[in-house]
S.K.: 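Structure below; questions to follow.
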Amino acid sequence: EIILPMPSSNSNKPSPVSTSRQEEDQSQITAIMDEPQQEEEIIIIPPSNNAAQPLSATSPSHHDNLPSELQNSILVAYRSIGIGTFGVVMRFVGMPLEKIALFMNSSQVTGKHQFAQSIKLTFEKGALSPYKVVGPASLVAWFMQYSVMGLAFQFFDHALSKALGVKPVYYGDELMEPPPPASPAANHHDIDASYRIKSVTKTVLAPILAGSLESVVANRAEVQRYYGPTKLALVESHLNWNPAARFCGPAFVSNAMRNVIMCNTSFIITPITYKLYYPQEHKSQGSLFWFGMGMNFMGNAVAITQQALWGRGLDYAAYADGTATTTSNTSTTQAKVARNISYSQVIKSSLQKDGIAAFFTVPKWASRILMNAPVQGSLPWFYNNVLPLGEDSVLGLARTLYGDDGKNDCTIS
C-alpha cells in the first residue's frame, strides 16, 4: 500500500521530508509501471518483422519443402553435370597430352627416346592434329564419362550404404572436420566388426561398379581416338562382334581396370586419407588440391600398367604381326584380319620383347601424369570444394519450381 503525504495547509511548499518521500514513492511507481512494458517488448514481436527476414543459404528450413529423396536426386544430378562439364573442358584442352600418353603406352614406340617418338607421332600431321580426332562423339563421351563416373559412384555408394546400413564416403565440408572419435572397445566389438565388414564391402564394390560403368560409356570413344574412326570401323568389321560387345569396344577389361583404380583414387582413397590422417590444423581448400594431386600421382603409378596393357591390346587386335596393317597384291590393298585380344599373349609377348618396361617406365608414368593429373588430380578438389558452392542455389531453384517460392507461409512443422 502506497501512502502519499498531504501538503501542509499553512504553506504551498512541501516540506523537505514530504518531498523526499514523494520522490521515493514516485520512483517505485515508475518501476512498477515499466516492468510489464519491458516484458511486452521482449515477448511480442510483430509478424511482419519475421516475414521480412530472409533465410540464409545454410538455414535448416531453407529446403524443407523438398522431399528428401527428391533433394538427394537433384544434388546427384547437379554434381554429375558439374563433373561432366569439368571433364570435357579439361580433356579437350589436354588432347595433345592424351595422344602422347596413348603412343607412349603402345607398342608403336620402343627402345630409346620413347618420349620423343611419341611427340613425333602426335604432331606428325601438324600442330593441331591431336584435336582433329576429336568429334562430337568424343565430346559427348567425355561428358558422359565424367558425369557417369560421378553419378555412378554416388549412386552405388549411397545405394550400397543404404542397403548395408553404413555411412556413405566423406564429402564436402566433412573432409575439413576432425576425424570421428575411436569407437568404444570391448562391449561393442561384435557390432563394430560387423559394421566394418559391411563398410569395407561397400567401399570395394562401389568403385568397381562405377569404374566398369564408366568404361561401358567411354571405352569405345577412347578406342576411336586411338585408332581413328576409319580404322576402328575396319577392325570392328573383321571382329564381327555382337552389338553389346561392339558397344563396349575392344580392350574393355583393361580399360575398366584402369578406371576402377582411378575411381578408387579420386573418390575413396583421397577423401578418406585426407579426412582421417591429414593434420587438422593444415586442412584447407589449397591443401586438399595438392593432396589430391599427390594421390593422383600414386594412383597413376598403378593405373599406368593397365593403360599400357590397353594400348598393347589394341595393337594386338589390329595387327596380325604387330608391325603392319596392310598387305598388297596386284589389284587391291587389304587390311590384315583383326583378332580378339588374348591378354595372356599380350603380356607374354610384351615381357619377352621389352621386359617390365613394356608396362612401366618413368617416361610412361610421366606421360600419363601429364595427361591425367590436370583433370583427375584436381577432381577431388573440384568435387569437394567447388561443386558444393552451388548446391544451395540449385536447391533453392528446385524449391521454387516445386511450388514454394519463399513468399507464402507454407511451412512444415
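Values below: all heavy atoms of this structure, side chains included; hydrogens, waters and symmetry mates excluded.
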S.K.: Should the heavy atoms of other residues, nucleotides or ligands under 6.0 Å from CE of M257 be counted, would the total exceed 12?
M.R.: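 It does not: M257 CE has 12 such atoms or fewer within range.
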
S.K.: Determine, for F247 and R220, whether the Lys NZ or Arg CZ falls below 6.0 Å from the six-membered ring centre while staying within 45 degrees of the axis.
M.R.: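 Pair R220/F247 does not count as cation-pi.
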
S.K.: Mind checking salt bridge (charged side-chain N to carboxylate O under 4.0 Å, His left out) for K202 and listing every partner two or more places apart, or none if nothing turns up?
M.R.: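 Salt bridge (charged side-chain N to carboxylate O under 4.0 Å, His left out) check on K202 returns D157.
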
S.K.: How long is the span from the CZ atom in F153 to the SG atom in C263, to the nearest 0.5 Å?
M.R.: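 It is 6.0 Å, given to the nearest 0.5 Å.
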
S.K.: Is the shortest heavy-atom distance from the side chain of Q345 to the side chain of Y316 under 4.5 Å?
M.R.: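 Yes, their side chains come closer than 4.5 Å.
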
S.K.: Pair K283, L288 - check side-chain contact (heavy atoms from CB on, under 4.5 Å), show working.
M.R.: CA-CA 7 Å; K283 287 184 178 180; L288 177 60; over 6 Å; no

S.K.: Write out all pairs satisfying salt bridge (Lys or Arg N to Asp or Glu O under 4.0 Å) with one or both partners inside residues 247-267, taking only residues at least two apart or from two chains.
M.R.: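 Output for this query lists E222-R258.
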
S.K.: How far does OG of S350 sit from CG of L309, to the nearest 0.5 angstrom?
M.R.: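 One gets 7.5 Å once the value is rounded to the nearest 0.5 Å.
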
S.K.: Please round to the nearest 0.5 Å and tell me the distance separating atom CZ of F291 and atom CG of N296.
M.R.: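 One gets 12.0 Å once the value is rounded to the nearest 0.5 Å.
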
S.K.: My understanding is that only residues two or more places apart in sequence, or in another chain, count here; which of them pass side-chain hydrogen bond (donor to acceptor under 3.5 Å, both in side chains) with S215?
M.R.: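 S215 satisfies side-chain hydrogen bond (donor to acceptor under 3.5 Å, both in side chains) with N255, N259 only.
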
S.K.: Residues in side-chain hydrogen bond (donor to acceptor under 3.5 Å, both in side chains) with T230, at least two apart?
M.R.: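 Listed in chain order: nothing, the list is empty.
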
S.K.: Once ring-ring contact (aromatic ring centres under 6.0 Å, His included) is applied, do any residues pair with F156, and if so which ones, sequence neighbours excluded?
M.R.: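 ring-ring contact (aromatic ring centres under 6.0 Å, His included) check on F156 returns nothing, list empty.
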
S.K.: Find the distance between NZ (K99) and OG (S118) and round it off to the nearest 0.5 Å.
M.R.: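 K99 NZ to S118 OG: 11.0 Å, rounded to 0.5 Å.
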
S.K.: Report the residues that fulfil salt bridge (charged side-chain N to carboxylate O under 4.0 Å, His left out) with K162, sequence neighbours left out, ordered by chain and then residue number.
M.R.: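 With neighbours one apart ignored, the set is E69.
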
